[in-house]
Amino acid sequence: MPFSIATWNINSVRLRMPIVERLLVEHAPDVLCLQETKVPDELFPEKAFRKLGYEHIAFHGQKGYHGVATVARRPIEVVERRRFCEIEDSRHLSVTVRAGGKTILLHNFYVPAGGDEPDPAVNVKFAHKLAFLDELHAMEKLRPRSGERAILVGDLNVAPLEHDVWSHKQMLKVVSHTPVECEKLNAARNAGGWIDSMRVHTPEPEKLYTWWSYRAMDNWKAADRGRRLDHVWTSNALADRISAIKIAKDYRGAARPSDHVPVTATVEI
DNA sequence: ATGGTTGCTTGGCAA
């Protein structure tokens, strides 16, 4: 049976409930993982999700910044809300869900953006990002066991491959595509045996983007200077079970859009 | 060209 999971950096879930509702109606994923919810847990708009049939809600939020949430049409159980770099940021949430008689572990991540200056010696935000990626790499507990069904999604804030950005050459010194962070993200993925399912589905050199800057003065769609910052990784056990991956690019053109668009993966379980 | 826009909050970060 098909099981679908969507991931979306929503950049304030309360502000963008109208387009979240549109996604849930139009795409109806079984599970939606949100990042940058920017809302403390006690103010999470649970009612709006419940009304749309997403009655199972887990969150790890904080006031003003960051925050992740996982909402589902079927029961989920919270596994962990992990703290990274000994900083009390809300950047991770893992849950389990049952599908087709099987249990799937779902990780929802929001990796630090890292600021603008790509030098950890002068930019503590970039140093934090690199430390976060190192911690991800070292995390034994994150690595799927043999045969385990697991999916890791989220805004990983790194576009690791040449064709994950509009211009590899022009992006080499731009945070999100510097060699050091691309190598660290790839190393963390390899250490866990995770599969980059978006790139299995759409290999290079085809361009793949999930984010278009707010700052660009030109028309985002015409210029198409995007980056692939959002990812769907699967454990080996699910690697050949992905039947579809859809980047919902049209949501970037919605009224009051997020700068990220939803990515939905369908798994045959 | 060190800009530009957006959100949370009302001054200034973070993205």
Side-chain angles (χ1 to χ4, degrees), chain A residues 7-21 23 33-45 48 59-69 83-85 87-92 108-133 153-160 164-167 169-178 180-182 184-185 209-231 249 251-263:
Chain A
T7 181
W8 196 4
N9 178 318
I10 197 61
N11 187 17
S12 174
V13 68
R14 286 178 291 179
L15 187 66
R16 281 185 237 292
M17 274 316 293
I19 54 173
V20 172
E21 290 175 6
L23 180 81
C33 294
L34 295 167
Q35 302 87 34
E36 272 206 275
T37 52
K38 295 187 174 178
V39 61
D41 292 348
E42 61 273 19
L43 296 178
F44 192 88
F59 31 61
H60 181 190
Q62 67 185 85
K63 185 179 176 182
Y65 303 106
H66 321 314
V68 290
R83 184 179 57 138
F84 282 79
C85 304
I87 293 172
E88 295 296 338
D89 281 352
S90 301
R91 297 186 177 276
H92 169 258
N108 180 356
F109 269 100
Y110 176 48
V111 172
D116 289 334
E117 176 59 52
D119 179 356
V122 298
N123 174 8
V124 293
K125 291 198 287 284
F126 193 60
H128 176 213
K129 181 180 197 175
L130 298 182
F132 193 104
L133 293 171
V153 303
D155 176 7
L156 305 185
N157 263 318
V158 180
D164 290 341
V165 292
W166 65 278
S167 169
K169 196 177 168 188
Q170 286 177 255
M171 291 286 298
L172 281 168
K173 290 180 179 174
V174 176
V175 170
S176 72
H177 193 63
T178 63
V180 61
E181 59 193 305
C182 294
K184 284 184 187 294
L185 186 75
Y209 310 138
T210 65
W211 175 93
W212 292 261
S213 176
Y214 284 135
R215 299 185 197 178
M217 287 303 286
D218 47 20
N219 179 289
W220 73 271
K221 196 172 191 176
D224 203 24
R225 295 184 171 185
R227 305 178 199 171
R228 183 171 71 113
L229 303 181
D230 303 275
H231 297 264
K249 185 174 176 180
Y251 282 74
R252 185 61 179 80
R256 305 210 66 180
S258 169
D259 43 359
H260 296 251
V261 300
V263 181

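Only this structure's heavy atoms are used, side chains among them; waters, hydrogens and symmetry mates stay out. The chains referred to below are lettered A, B, ... by the order of the sequence lines, with proteins before strands, and numbering in each begins at 1. All values reported here derive from a predicted model rather than from experimental measurement.
- Each of R14(A) and D155(A) has a nearest nucleotide on DNA chain B; the 5'-most of these lies closest to R14(A).
- In this structure, K125(A) reaches the dA14(B) phosphate: one of its side-chain N or O atoms is under 4.0 Å from OP1 or OP2.
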All N/O pairs under 3.5 Å across the protein-nucleotides 2-5 of chain B interface:
unit_1	atom_1	unit_2	atom_2	d
dT5(B)	O4'	Y214(A)	O	2.9

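- Look at NE2 on H260(A): it is 15 Å from P on dT6(B), rounded to the nearest Å.
- Rounded to a whole Å, the CG atom of N157(A) is 15 Å from the P atom of dA14(B).
- Applying side-chain hydrogen bond (donor to acceptor under 3.5 Å, both in side chains) to D224(A) and the options W166(A), W212(A), Y209(A) leaves one that passes, W212(A).
- dA14(B) and dA1(B) have their C1' atoms separated by 23 Å, given to the nearest Å.
- The P atoms of dG12(B) and dT2(B) are separated by 23 Å, rounded to the nearest whole Å.
- Considering all non-hydrogen atoms of both residues, N11(A) and R16(A) come closest at O-NH2, 3.0 Å.
- Counting to the nearest Å, the C1' atom of dA14(B) and the NZ atom of K38(A) are 7 Å from each other.
- Spacing between atom CG of L15(A) and atom P of dA14(B) amounts to 21 Å, rounded to whole angstrom units.
- Distance R227(A) CZ to dA15(B) C1': 11 Å, rounded to the nearest Å.
- Under the 6.0 Å distance and 45° angle rule, R228(A) does not count as a cation-pi partner of W211(A).
- Across the interface with DNA chain B, nearest-nucleotide mapping of N11(A) and E36(A) shows N11(A) to be the residue nearer the 5′ end.
- Closest to the side chain of Y65(A), out of dA14(B), dA15(B), dC8(B), is dA14(B).
- R91(A) has a side-chain polar atom (N or O) that falls below the 4.0 Å cut-off from OP1 or OP2 of dA15(B).
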